[in-house]
Amino acid sequence: MKLEVRQVTEVTDSLLEAFGRLMPQLSPRLEAPSGERLRAVAANPSAALFTAESGGAVVGALTLVWYDVPSGRKAWIEDVVVDAAARGFGAGEALVRAAQAHAAAVGAGLNSNPSRGAARRLYAKMGFKEAETTVFACKTDTE
């Protein structure tokens, strides 16, 4: 499978369709993001939305976000998903490599908090080291 990773600069109908297919594979409770939400992510100066494409079809996606704090610039990988039909062909690795390069370009240390086993294996394979820390979460949205 020939893969091409692109940073999203324009939200198209085919991209919206792809996210409609991919997000439930990330988590069954997730629905397709609106065009407005995807456009906001793509336009955010502190985020980069990447897609992996094969044969003109989006087969995976990853979002990189970064922010500045007194201790330095930090970046997080979020919402990594590869279509079930395209898994095992390197799309996840290609997306993470793009995130690593972009984080380096913006001068950010890179982190991820994978909760799924496949994601944990991918990050270990890509040279990430598991930090001895606990992440706390507090939902403040309406869910």
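Here the structure is a predicted model, which means the values were calculated and not measured.
- The two residues A94 and V5 come nearest to each other via the heavy atoms CB-CG2, 3.6 Å.
- A single hydrophobic cluster is seen to contain both V8 and M23, as judged by linkage of ILVMFWY side chains at heavy-atom distances under 4.5 Å, directly or through other members.
- Hydrophobic clustering, with ILVMFWY side chains joined whenever heavy atoms are under 4.5 angstrom apart, groups W66 together with V80.
- Using a 4.5 Å heavy-atom threshold, the side chains of V11 and V41 count as separate.
- When all heavy atoms are compared, the tightest approach of A48 to Q7 is CB-NE2, 3.7 Å.
- Between the side chains of S34 and E36, no donor-acceptor pair of N or O atoms lies under 3.5 Å.
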Step by step, would you call D79 with L49 a side chain to side chain contact (heavy atoms under 4.5 Å, CB included)?
CA-CA 10 Å; D79 293 348; L49 178 60; over 6 Å; no
Run the numbers on L64 and L110 for side chain to side chain contact (heavy atoms under 4.5 Å, CB included), then give the verdict.
CA-CA 9 Å; L64 177 73; L110 186 56; 3.5 Å; yes
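- The closest donor-acceptor contact from the side chain of Q25 to the backbone of V81 lies at 3.5 Å or more, if one exists at all.
- Atom CZ of residue F19 and atom CG of residue L26 lie 10.0 Å apart, to the nearest 0.5 angstrom.
- Within the model, atoms CG of L62 and CZ of R97 stand 12.0 Å from one another, a figure rounded to the nearest 0.5 Å.
- Residues V96 and V106 fall within the same hydrophobic cluster, defined by Ile, Leu, Val, Met, Phe, Trp and Tyr side chains chained together at heavy-atom separations under 4.5 Å.
- For the residue pair S54 and V59, the shortest heavy atom distance occurs at CB-CG1, 4.2 Å.
- Across all their heavy atoms, V58 and R21 have their closest contact at O-NH2, 3.0 Å.
- Separation of atoms CZ (R87) and CE (M1) is listed at 12.0 Å; rounding is to 0.5 Å.
- For R37, there are no salt bridge (Lys or Arg N to Asp or Glu O under 4.0 Å) partners two or more places apart in sequence or in a different chain.
- No donor-acceptor pair closer than 3.5 Å links the side chain of R6 to the backbone N or O of E53.
- In the hydrophobic clustering of ILVMFWY residues, with side-chain heavy atoms under 4.5 Å counting as a link, L3 and L95 come out apart.
- The minimum heavy-atom distance linking A52 with A91 is given by the pair CB-CB, 4.1 Å.
- Between H102 and F50, the ring planes are perpendicular. Angles over 60° get that label, and only those under 30° would be called parallel.
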